Amino acid sequence: MTAVLTKTLTDVIKERRSVRKYNPNFKISKEEINEMLSLATLAPSSSNLQPWRFMVIQDEDTKKELRAIANNQEQVETSSAVIAVLGDKEMYKSVEKVYRSAHEAGFINEENMNRMIEGTNKLYPAAPEEARKNIAVFDAGLVSMQLMLIAKDRGYDTVPMGGFNKEQFAERFNVDDRYFPIVLIALGKADTPAHNTTRLPLEDVVIEHI
Ligand SMILES: Cc1cc2nc3c(=O)[nH]c(=O)nc-3n(C[C@H](O)[C@H](O)[C@H](O)COP(=O)(O)O)c2cc1C
């Protein structure tokens, strides 16, 4: 009898490490990247407004250009794809679509749909842009983490990168003013395993356990 080895979520979490050396000849298909992104978007978000947007960069010349505005980080060029995660400052504009689809799917009744739409349209546009950006950054972090674990589960590797010039990125990729770049995620097959990292001891990070 052959044993079926199934990776648990715990295994995937423990195995994920930031990889910076990729096999430049290994290509992940656009279809598979879309599958991973679709799964990643099952992440939670504030009022389910999903204030994340993605740009998938796989073209070799474009990755070369991107490397120049990302502190010359090698993985930008050698990974199979760079996923730029952008935030939506005007996430409330999606409210109608989000709650109507939940209603049409039979998940909420009409009254609750209208209540959510009304409440969101009252609350979010009145909030300072800074507050909305903070929400988008937080939610983009959740979707990014999911994406990195999903990739690891499929045998791929990633590294999140905040080290890039965000103004230059927005200009080069014609990012609409509604959106803003948050993080780049290199995705590919490791050439060299990542170096290990440690974590602060739990007693340093659990401030209180009441
Ligand atoms: C928001 C964010 C920005 C990061 N920016 C970079 C980066 O620009 N370049 C890089 O090589 N690693 C970057 N990292 C990766 C961290 O250095 C790495 O996650 C950390 O050292 C822990 O290692 P591990 O991911 O292998 O567990 C970033 C991580 C995060 C969460």
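Each ligand, and each atom within it, is numbered from 1 in the order the structure gives. Not measured: the values here are computed from a predicted model.
Interface atoms of ligand 1 facing Met161, defined by a heavy-atom separation under 4.0 Å, are 4 (C), 5 (N), 6 (C), 7 (C), 8 (O), 9 (N). Of all the atoms in ligand 1, the ones that sit under 4.0 Å from a non-hydrogen atom of Arg20 are 10 (C), 11 (O), 12 (N), 15 (C), 16 (C), 17 (O). Atoms of ligand 1 found under 4.0 Å from any heavy atom of Gln75, numbered from 1 in the order shown, are 11 (O). Residue-ligand proximity, Gly162 to ligand 1, at heavy-atom distances under 4.0 Å covers atoms 3 (C), 4 (C), 5 (N), 6 (C), 7 (C), 8 (O). Within ligand 1, counting atoms from 1 as listed, the ones closer than 4.0 Å to a heavy atom of Gly163 are 8 (O). Of all atoms in ligand 1, numbered sequentially from 1 with element shown, those under 4.0 Å from a heavy atom of Arg17 are 26 (O), 27 (O).
Within the structure, the closest approach of Arg199 to ligand 1 falls below 4.0 Å when heavy atoms are considered. Residue contact annotation: Arg16 has a non-hydrogen atom under 4.0 Å from ligand 1.
Of all protein heavy atoms, the one lying nearest to atom 9 (N) of ligand 1 is Gln73 OE1, 2.7 Å. Annotation: atom 1 (C) of ligand 1 to nearest protein heavy atom, Val183 CG2, 4.7 Å.
Not a single N or O atom of His195, backbone or side chain, sits closer than 3.5 Å to an N or O atom of ligand 1.
Looking at Pro160, Ser18, Ala70 and measuring to atom 28 (C) of ligand 1, the nearest heavy atom belongs to Pro160.
Residue contacts with ligand 1, taken as heavy atom pairs separated by less than 4.0 Å, involve Val159 solely via side-chain atoms from C-beta onward. Of all the heavy atoms of Met145, none lies under 4.0 Å from any atom of ligand 1, so neither backbone nor side chain is involved.
A salt bridge does not link Arg132 with Glu90: none of the charged nitrogens is closer than 4.0 Å to a carboxylate oxygen. Between Asp157 and Lys189 there is no salt bridge, since no side-chain N of the basic residue sits under 4.0 Å from a carboxylate O of the acidic one. Salt-bridge formation is not detected for the pair Arg115/Glu118: no Lys NZ or Arg NE/NH1/NH2 atom is positioned less than 4.0 Å from an Asp or Glu carboxylate oxygen.
Using a distance-only test at 3.5 Å, with no hydrogens or angles considered, a donor-acceptor pair links the side chain of Gln73 to the main chain of Gly163. At least one donor-acceptor pair under 3.5 Å links the side chain of Ser80 to the backbone N or O of Ile28. The backbone N or O of Gln50 lies less than 3.5 Å from a partner atom in the side chain of Ser45, making a donor-acceptor pair.
Atom 16 (C) of ligand 1 is flagged as protein-proximal [any protein heavy atom, distance under 4.0 Å]. Distance screen at 4.0 Å: atom 20 (C) of ligand 1 has no protein heavy-atom neighbour inside the cut-off.
Shown here is Asn109, whose CG atom has more than 12 heavy atoms of other residues, nucleotides or ligands within 6.0 Å.
Lys7 and Lys152 get closest at one heavy-atom pair: NZ-O, 3.6 Å.
Donor-acceptor pairing under 3.5 Å is lacking for the side chains of Thr120 and Tyr99.
Cation-pi check for Lys166 over Phe164 is met; the charged atom lies under 6.0 angstrom from the ring centroid and within 45 degrees of its normal.
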